[in-house]
Each structure stands twice: as structure tokens, then as C-alpha cells.
Amino acid sequence: MRAVVFQGAEEPMTVEDVDRPEPDDDGILVETEACGICRSDWHAWRGDWEWIGVMPQPGLVFGHEPVGRVVEVGDNVDRFAVGDRVTNPFNLGCGSCHHCRDGRGNICETSIPMGFVPFQTGAFAEYYSVRNADFNAVTLPEEVDPVDVAGLGCRFATAFHGLVHRVDVTPGDWVAIHGCGGVGLSAVHVADALGANVIAVDLSAEKLARARDLGADRTVEVGAVDDVPQAVKKFTESSRGADVAVDALGIAETCRNAVNSLGKGGQHLQIGMTTSEEGGEVSLPVDTMVTDEREFYGAYGIPPNEYDEIFRMMGTGKLEPGRIVSETVSLEEVPGVVEGLGDYETVGIPVCDGF
Ligand SMILES: [Zn+2]
Ligand SMILES: [Zn+2]
């Protein structure tokens, strides 16, 4: 099968013929219809995430935001049959540890990140496998367009899981989204659907315009103000600060700006993961976080059981993940798109749909 193959950190990736993955008795083999192209692919390609154990080796096939049709089913799989359309979270659970049993498969004790390890290769390929399919795979409504939902396993879903299940967003809350890349724009759209007053923050006027299209009520252009947290606070009543702030990028500046844009009792949601610059560490104003009782939450992917909520909101048009998609490309174009994500010029989510 044709696949995009990693050749080493910052080496050009190649499109080659490789062996199809062979799922075990608990897994399924899926023919790829679409796969989102993500900043996480770029991080892994750069060799950024050694400190969290992501050390891709040459030969790896990336791609962790897949949609496809089942073509082979392992003997132990009950819930799926050949021909079913499926998607899955990028972080695959074991299905039996206490977190998986508790509905939190995204933080499974032995979570496997698809497309980042050699024994669970990704979907920048004609076929991919999903382990523990009964637990991890999710049936996709037949009517949804594969391109529209290709970002679901990662960026859109993480924004949804974070805003709906980690922090408390109630209608009228001020929610400040720092960073309007794919995950940030997803967060803007989800927060708007939840009835929040949304403040979008970014360096790029073009991304802010997109954020306004997706429901941002106020915007802060980072280069145009002296003090980003103050500019966010000014939009809130008596400049009291945001109720919820999201770092949707993962650099020290956006993380601190987000925390500092919160009011007393506010909640920070960290979605972006850091670059080699931070190496996983960001210093924060701990004392005022204590005295203001500001809270810090992480959101990592989505458990498979939360997809239905997204599909129901898509069914009535409240959520339209396809609106975040920026372009569709062929498998041959994937290496160039991944390698180009470092310039931060992509507006929205690029999706590969040509296999
Ligand atoms: Zn992703
Ligand atoms: Zn587990």
C-alpha cells in the first residue's frame, strides 16, 4: 500500500509502498477515506517530544485523525463488520484499566498514540489498523462527509472534551482562546455552541477573521496591543477577567497569557503541548493562582464514549467541524504540508483525502 514514511527528524518524508498493517484478533483493518494533518505530526517530525516518550523511528507512518471503512475484522471483535464507517481517538485505550472502565479511555494507563509508535502506525496510508476496536473505534453516521470529520480524533475532539468535560462553561461566560490554529478555531466554535462569550487571541489578523466567522465575539491581535492579558480582561465586565482561558498553542507566552487573562476563580484549560523551546516546562504565577483560586486543567484527546455528543450536535447543525477544514490534499502532498506547518501560516485544518 502507498504510505507517507518518516525518514528521521527534519528529514523530508517520502511516499512509498509499504506492507499493510496486520490487525490482531481484537483489531480491525480500515481503508482510509480521510486523515487530518496536524501540528502534532509536525512536532513529531521535528523530534520535539522526547520528554513525553515520543521518539519516532525512521520507517514510521504518521497520521492520527482518520476516517475510513472497515475491510477486515479480527475474530474477537463484536461491534464492527466489514463495510462499517469508523473513526477513532488518536490515543487508543486498553479498554480494561480503571480509567478506561471509568469512561476516560483518553488517559488509559497504557494509552497508545496512533501514528507515533511502530506497533500502531498511522493513517497517512491507504490502510490503517485500530487495536482493541470494540473499545476504541467509533461508528460514524453514514451521511457525514469524511473530510468534515477528519479532524475529530484530535483537535476538534480535544477542544470539545476540554470545554465540555474538563472545565465548566456556562452560557454568558467569557472564554478566551489563545492561539487560533486548528485546535484554537475548534475551541472558538465549540465555546460559541455552548453559549459562551468568546474572545479569540492570535498574532494573525487572518486567523482572527476566521475566528469571528466561527463565533468569536471579540478579538485581540497580539502584535497590536502592549499587554495581551489586559486586552482580554478589558472586554469583561469591570475588567474582572475571563472565566475560562484556553492555551490552544502550547508555547510559554500563550500559556502565561491565558493564565493571566483569567479573573478570580477562573479556569485555565491547556490543550496545546509545548515545543523543544519549553521542553514541557512553563513557569507560571503560582502565588496569584493560589490567592485568586485559579484552576489549571489539561485536556488530552477524547474518550471514545464522548463522540456521540458531537454527532448529535452535528445532526442539528450546532457543530460543523467541516468549517475548520482549510484544504484537502493528496497523499503525495502530505510531506510538504506537514513540513510547512512550522511557519504557522495554515488557517484551519488541512485534510488528506486522496489515497
Ligand atoms: Zn492531531
Ligand atoms: Zn486502559
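When reading the values below, keep in mind they use all heavy atoms of this one structure, side chains included, and skip hydrogens, waters and symmetry mates. In listed order, ligands and their atoms are each counted from 1. Just so you know, residue 1 is the first one in the sequence shown, and it goes up from there.
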Legend entry - the Zn ion (ligand 1) to E65: nearest N/O/S atom name: OE2
Inset, instruction - Answer yes if the ring centres of Y300 and F90 are under 6.0 angstrom apart, and no otherwise. - result: yes
Legend entry - Short N/O/S contact of C108 with the Zn ion (ligand 2) (below 2.8 Å): yes
Inset, instruction - Check whether any N, O or S atom of H99 sits under 2.8 Å from the Zn ion (ligand 2). - result: no
Inset, instruction - Salt-bridge test for E33 and R85: reply yes if a basic N is under 4.0 Å from a carboxylate O, no otherwise. - result: yes
Inset, instruction - Check whether any side-chain N or O of R46 sits under 3.5 Å from a backbone N or O of A9 as a donor-acceptor pair, and report yes or no. - result: no
Legend entry - Electrostatic pair E65:R155 at N-O distance under 4.0 angstrom: yes
Inset, instruction - Have a look at the Zn ion (ligand 2) and estimate, to 10 degrees, the angle subtended by SG (C97) and SG (C100). - result: 110°
